[in-house]
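Here is the structure we will look at.
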Amino acid sequence: MSTKQKAYEIAKERFAAYGVDTDAAIALADKKPISLHCWQGDDVGGFENPGAELTGGIQATGNYPGKARTPDELRADIEKVLSLLPGEHKVSLHASYLDTPEKVDRDAIEPKHFASWVEWAKQGGFGLDFNQTFFSHPLSGDFSLSSADENVRNFWIEHAKRCRKIGEYFGKETGKTCVTNLWIHDGCKEAPIDKFAPRERLVDSLDKIFAEKIDKKYNKDTVECKLFGIGSEAYVTGSHEFYMGYAASRGILATLDVGHFHPTETISGKISAMLLFVPELLLHVSRPVRWDSDHVVIMDDELMAIMNEVVRGGIEDRVNIGLDYFDASINRIAAWTIGARNARKALLRAYLEPVKLLKDLENAGDNTSVLALTEELKSLPWGDVWDWYCESKNVPDGAAWIKEVKAYEKEVTSKRV
Ligand code: RNT
Ligand code: ZN
């Protein structure tokens, strides 16, 4: 028996004392898909124009060498990351990551431009998620779907409609539902006098985009709100209230990004309220440091609180988990791996909580015991359960995976110049 297995056997007994079945917790944490965001691999660059500037009020800082330059390189990098992660995954693509030798503008993209991604996903046995790309384009401007310029607005409406069809194609081909996320950067540096007009235009654009019914078995639509961005500090058309109302009234999904709220506002606190009014959520698991900085996800209080909410609420089937951050200052494969492992680790930890026991105590009005117990649970050996989970899936532990990433850097990414 390996050291990790021995430690696991002890941990198993410790958790059993609280009525927690660690084997069952591992199985549940393992099967919930986490969507890996393709854009960590190349600083949100995409493959339309090499070297194009990232716009839309988001920024990837750092110039660590070795970012992926082609779809093949990006796929190889993601495969490396996947080999270092336990559990089910999906891969989330942006429209700007199309794979075609032709020049195809955003209002002309078709499923065929993503065929190589689909073949790859089928081979890997994982699903794909999708995102319309409104930023980093000559027509992005300050406003896209809420633009006063009808030509600009129509261009983006067409783009968004096409993306839904690509999402449908992903769903049909992979056999796994695609979640297509719509985020626009629209907003301004100073508060406009007329705050209604852009929002009225956005409602109109969205209604046009979502007019075509697509089978939810293949594609589900979600809209992502935001508080501010660089250059849109004072006004964002697609605010939280805007999309909350829109998603609830249209019966579509809403996306909650950890970094899109005031610094003391948490998305973990919003999940139970939102799910009473929207059918499902997409979470953009990220880490904001003072602003929407998209730092690598670490094992912080909010990550644990998010996963606890998902498990305590028994809402796994209505919460889609995706990652969204981009750090170009450290090895990108490591950045991906750290965040994705942490998300899974926090999920496993949440499944190791004696939820029923805590709820019973709460319902009996024994808040003293609830607080005492939740604090005691923090030091149970959940790390031993995680380590055994990884070992049992042949996934390397910390020290070992870092070595693998370093070897890959030496052999592959450092040669990309
Ligand atoms: C931006 C949003 C959005 C993007 C990605 C690249 O603030 O969070 O989700 O990060 O689409
Ligand atoms: Zn996001």
Side-chain angles (χ1 to χ4, degrees), residues 1-37 40 76-91 123-127 285 296-300 303-304 306-308 310-311 316 321-323 330-355 376-413:
M1 203 188 268
S2 72
T3 311
K4 281 184 192 153
Q5 194 170 358
K6 274 189 232 158
Y8 176 66
E9 292 305 325
I10 294 169
K12 193 172 170 163
E13 278 180 38
R14 300 281 313 280
F15 280 99
Y18 292 91
V20 174
D21 177 344
T22 49
D23 290 334
I26 289 177
L28 288 166
D30 188 64
K31 75 169 192 198
K32 174 73 187 158
I34 293 181
S35 199
L36 268 191
H37 54 316
Q40 165 55 45
D77 291 358
I78 296 173
E79 280 170 25
K80 186 75 219 173
V81 175
L82 287 173
S83 76
L84 306 173
L85 308 175
E88 281 284 310
H89 288 90
K90 291 173 91 182
V91 171
Q123 269 170 28
F126 47 82
V285 178
V296 177
V297 168
I298 60 169
M299 197 68 181
D300 59 10
L303 178 67
M304 292 189 269
I306 290 168
M307 297 308 177
N308 280 336
V310 172
V311 173
E316 297 89 334
I321 302 176
L323 302 174
I330 59 172
N331 181 302
R332 292 171 186 79
I333 316 261
W336 247 328
T337 308
I338 294 164
R341 283 175 70 103
N342 280 332
R344 180 79 57 189
K345 203 186 274 182
L347 184 63
L348 173 64
R349 188 180 169 278
Y351 277 117
L352 290 168
E353 198 180 54
V355 177
E376 288 300 319
L377 294 169
K378 285 180 179 167
S379 51
L380 280 189
W382 53 272
D384 290 337
V385 180
W386 165 257
D387 285 342
W388 167 246
Y389 167 44
C390 290
E391 183 165 292
S392 68
K393 300 285 173 192
N394 284 319
V395 168
D397 68 10
W401 77 249
I402 296 164
K403 226 189 255 171
E404 279 200 38
V405 171
K406 294 279 180 193
Y408 187 76
E409 173 168 290
K410 198 162 168 228
E411 285 153 32
V412 183
T413 53

Would you say the side-chain atoms of [X] pair up with the backbone N or O of [Y], donor to acceptor, closer than 3.5 Å?
| X | Y | value |
| --- | --- | --- |
| D387 | K4 | no |
| D30 | I26 | no |
| R344 | E88 | yes |
| H89 | G87 | yes |

Subject >> Pair Y351-E316, side-chain donor/acceptor within less than 3.5 Å >> reply: yes
So, do [X] and [Y] sit near enough that their side-chain heavy atoms are less than 4.5 Å apart?
| X | Y | answer |
| --- | --- | --- |
| I333 | E409 | no |
| W401 | I338 | yes |
| T22 | L352 | yes |
| M299 | R341 | no |
| E404 | L84 | yes |
| L36 | F126 | no |
| Y8 | E391 | no |
| W382 | F15 | yes |

Taking all non-hydrogen atoms of both residues into account, name the closest pair between [X] and [Y] and its distance.
| X | Y | answer |
| --- | --- | --- |
| H37 | W336 | O-NE1, 2.8 Å |
| S2 | W388 | OG-CZ3, 4.4 Å |
| I330 | V296 | CD1-CG2, 4.3 Å |
| P396 | S83 | CD-O, 4.0 Å |

Subject >> salt bridge (Lys or Arg N to Asp or Glu O under 4.0 Å) evaluation trace for D384 with R14 >> reply: CA-CA 11 Å; D384 290 337; R14 300 281 313 280; over 6 Å; no
What distance do [X] atom [atom1] and [Y] atom [atom2] have between them, rounded to the nearest 0.5 Å?
| X | Y | atom1 | atom2 | result |
| --- | --- | --- | --- | --- |
| K32 | L347 | NZ | CG | 8.5 Å |
| M304 | K378 | CE | NZ | 7.5 Å |
| K6 | M1 | NZ | CE | 8.0 Å |
| L323 | S35 | CG | OG | 7.5 Å |
| M307 | E353 | CE | CD | 13.5 Å |
| D77 | N331 | CG | CG | 9.0 Å |

Original post:
What residues form a salt bridge (charged side-chain N to carboxylate O under 4.0 Å, His left out) with K12, not counting sequence neighbours?
Top reply: D23
Original post:
Would R349 and N308 count as a side-chain contact (heavy atoms from CB on, under 4.5 Å) if you check the C-alpha gap in whole Å, the side-chain angles of each, and the deciding distance to 0.1 Å?
Top reply: CA-CA 8 Å; R349 188 180 169 278; N308 280 336; 4.2 Å; yes
**OP:** Show your reasoning for whether side-chain contact (heavy atoms from CB on, under 4.5 Å) applies to L303 and K345.
**Re:** CA-CA 10 Å; L303 178 67; K345 203 186 274 182; over 6 Å; no
